[in-house]
Amino acid sequence: MYEALIKAFRMNRIKVELFKTKSELLRYLDQNIIEGTPVGVGDSMTLEALNVYHLLREKGVNFLDKYNQQLIKSEKKQLYMDNFSADTFISGVNAITENGKIINLDGNGSRVAPIIYGPKKVFLIAGTNKIVKNEQEAIQRIKKVAAPLDAVRLGKNTPCTKLGYCIECKSADKICNYLTTIQGQFDEKRIELLIIEGAYGY
Ligand code: SF4
């Protein structure tokens with residue numbers, strides 16, 4: 001069913017695996033992350049829904065846990081810098097396109113920057129609810145669904161948190177600052193896309 005999608009990513013030199021269940025995906029991650037190594041993560045409702053953060057806390061890795069409540073502001077900033085030299089970085093995505101591209105929109109860049117450069121290995125996880133036709137549809141999806149919901153979750157003072165939709169604001173709290181498209185890579189195994197059947201995150 002997803003053969004054409006998988007082929008499109010492979011044509012763009014992006015390694016891709018398809019999973020039917022959450023437990024299959026977690027087992028794959030568990031087997032492919034080396035014990036004792038540093039692992040960073042991006043902020044992601046998909047990772048939360050799939051219990052990826054829980055896996056990392058239980059596993060014997062050096063989890064760079066951005067959700068640690070004890071972190072003070074300067075420590076969190078340092079953790080974001082440490083993500084660049086992590087062995088592994090794991091994140092969700094905002095959308096994946098039928099022609100093999102990965103689209104993300106970020107507020108401060110701490111998620112998209114280490115996806116693109118730094119960590120030796122990057123796993124990007126997407127439910128099949130994130131599949132869209134092309135980049136235009138991806139941006140529409142992000143602006144209509146993902147960004148307003150994220151702005152609410154993060155308690156931002158932006159128009160979309162009151163209206164429920166995007167009006168392309170210029171607010172200081174705007175979370176739509178860095179729009180990235182991954183459409184290829186030199187090392188075809190560095191960024192690996194893990195697609196899981198079903199709706200995860202938004
Ligand atoms: S541009 Fe502004 S209004 Fe639109 S989704 Fe982003 S934060 Fe909300």
Residue pair E24, K22: steps toward the salt bridge (Lys or Arg N to Asp or Glu O under 4.0 Å) verdict | CA-CA 5 Å; E24 276 175 26; K22 185 169 158 175; over 6 Å; no

Can you list the steps and then say if E98 with I131 is a side chain to side chain contact (heavy atoms under 4.5 Å, CB included)?
-> CA-CA 7 Å; E98 287 177 3; I131 301 170; 4.2 Å; yes

Verify side chain to side chain contact (heavy atoms under 4.5 Å, CB included) between Y53 and D65, making sure each step is shown before the conclusion.
-> CA-CA 8 Å; Y53 301 132; D65 190 351; over 6 Å; no

Y67/E48 under side-chain hydrogen bond (donor to acceptor under 3.5 Å, both in side chains): CA gap, chis, key distance, verdict | CA-CA 11 Å; Y67 299 103; E48 181 69 52; 5.7 Å; no

Given the rule in the side-chain hydrogen bond (donor to acceptor under 3.5 Å, both in side chains) test, do N99 and T97 qualify, once you have shown the distances and angles that lead to the verdict?
-> CA-CA 5 Å; N99 57 353; T97 69; 2.4 Å; yes

Start with the C-alpha gap between N157 and K162, add the side-chain angles, then the distance that decides, and say whether side-chain hydrogen bond (donor to acceptor under 3.5 Å, both in side chains) holds.
-> CA-CA 9 Å; N157 182 21; K162 288 131 202 145; 2.7 Å; yes

Determine, step by step, whether D43 and K66 satisfy the side chain to side chain contact (heavy atoms under 4.5 Å, CB included) criterion, reporting the C-alpha distance in whole Å, the side-chain angles of both residues, the deciding distance to 0.1 Å, and the verdict.
-> CA-CA 8 Å; D43 199 16; K66 72 192 294 277; 3.4 Å; yes

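Contact annotation: the side chain of Q183 never approaches that of I14 to less than 4.5 Å [non-hydrogen atoms, C-beta and beyond]. No side-chain heavy atom of D87 sits less than 4.5 Å from a side-chain heavy atom of V39. For the pair R141/N129, a side-chain contact is recorded, criterion being any heavy-atom separation below 4.5 Å from C-beta on. The side-chain heavy atoms of R190 and K121, taken from C-beta on, include no pair separated by under 4.5 Å. Taking the side chain as every heavy atom from C-beta outward, F123 and L193 never approach each other to under 4.5 Å. Between L56 and V41 there is a side-chain heavy-atom pair separated by less than 4.5 Å.
Panel note: side chain N134, backbone E137; a donor-acceptor pair is recorded below 3.5 Å. The backbone N or O of L26 lies less than 3.5 Å from no partner atom in the side chain of D30, so there is not a single donor-acceptor pair. With hydrogens and angles ignored, the 3.5 Å screen pairs a side-chain donor or acceptor of R13 with a backbone N or O of Q185. Panel note: side chain R57, backbone F63; no donor-acceptor pair is recorded below 3.5 Å. The backbone N or O of A138 sits nowhere less than 3.5 Å from a side-chain atom of K133 that would complete a donor-acceptor pair.
Under 3.5 Å, the side chains of Y80 and E75 contain no donor-acceptor pair of N or O atoms.
Test V112, V93, I115 against T180 for side-chain contact (heavy atoms from CB on, under 4.5 Å) and you get one pass: V112.
At a threshold of 4.5 Å between side-chain heavy atoms, the hydrophobic network of Ile, Leu, Val, Met, Phe, Trp and Tyr places L124 and L29 in two separate groups. Residue L50 is grouped with residue Y28 when hydrophobic side chains (ILVMFWY) are merged at heavy-atom distances under 4.5 angstrom, including chains of intermediate members. There is no path of hydrophobic side-chain contacts, each under 4.5 Å, that joins I102 to I125. Hydrophobic clustering (ILVMFWY, side-chain heavy atoms < 4.5 Å, transitive): I33 and F19 are in one cluster. Hydrophobic clustering, with ILVMFWY side chains joined whenever heavy atoms are under 4.5 angstrom apart, groups L71 together with L64.
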Kindly list each side-chain donor-acceptor pair under 3.5 angstrom involving residues 194-202, sequence neighbours excluded, with atom names and distances?
residue, atom, partner, partner atom, Å
E197, OE2, K20, NZ, 3.2
Y202, OH, D150, OD1, 2.9
Y202, OH, R153, NE, 3.2

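Aromatic pair F84/Y117: centroids not less than 6.0 angstrom apart.
Separating the CD1 atom in I6 from the CE atom in M1 is a distance of 11.5 Å, to the nearest 0.5 Å. Between T88 atom OG1 and N83 atom CG the span is 11.0 Å, to the nearest 0.5 Å. Interatomic distance, L149 CG to I142 CD1, rounded to the nearest 0.5 Å: 12.5 Å. The SG atom of C160 sits 8.5 Å away from atom NZ of K143, with the distance rounded to the nearest 0.5 Å. Remark: S44 OG to I90 CD1 distance equals 10.0 Å, nearest 0.5 Å. Summarising the geometry, atom CD belonging to E3 is positioned 9.0 Å from atom CG belonging to L18; distances are rounded to the nearest 0.5 Å.
The nearest pair of heavy atoms linking G100 to A8 is N-CB, 3.7 Å. Between A151 and T158, the shortest heavy-atom distance links the atoms CB-OG1, 3.7 Å. Residue F89 comes nearest to P114 through the heavy atom pair CZ-CG, 3.7 Å, listed as atom of the first residue, atom of the second, then distance. Residues V152 and T161 come closest through the heavy atom pair N-CG2, 3.7 Å. Of all the heavy atoms in C176 and K174, the pair that sits closest is O-CE, 2.9 Å.
More than 12 heavy atoms of other residues, nucleotides or ligands sit less than 6.0 Å from atom NZ of K59. Within a 6.0 Å sphere centred on OH of Y165, other residues, nucleotides and ligands contribute 12 heavy atoms or fewer. Environment of CD1 in I34: sparse, with no more than 12 heavy atoms of neighbouring residues, nucleotides or ligands closer than 6.0 Å.
Counting only residues at least two apart or in different chains, side chain to side chain donor-acceptor pair (under 3.5 Å) contacts with residues 104-115 comprise N94-R111, N104-R111, D106-R111, N108-S110.
The pair R10-E188 does not meet the salt-bridge criterion, since no charged nitrogen lies less than 4.0 angstrom from a carboxylate oxygen.
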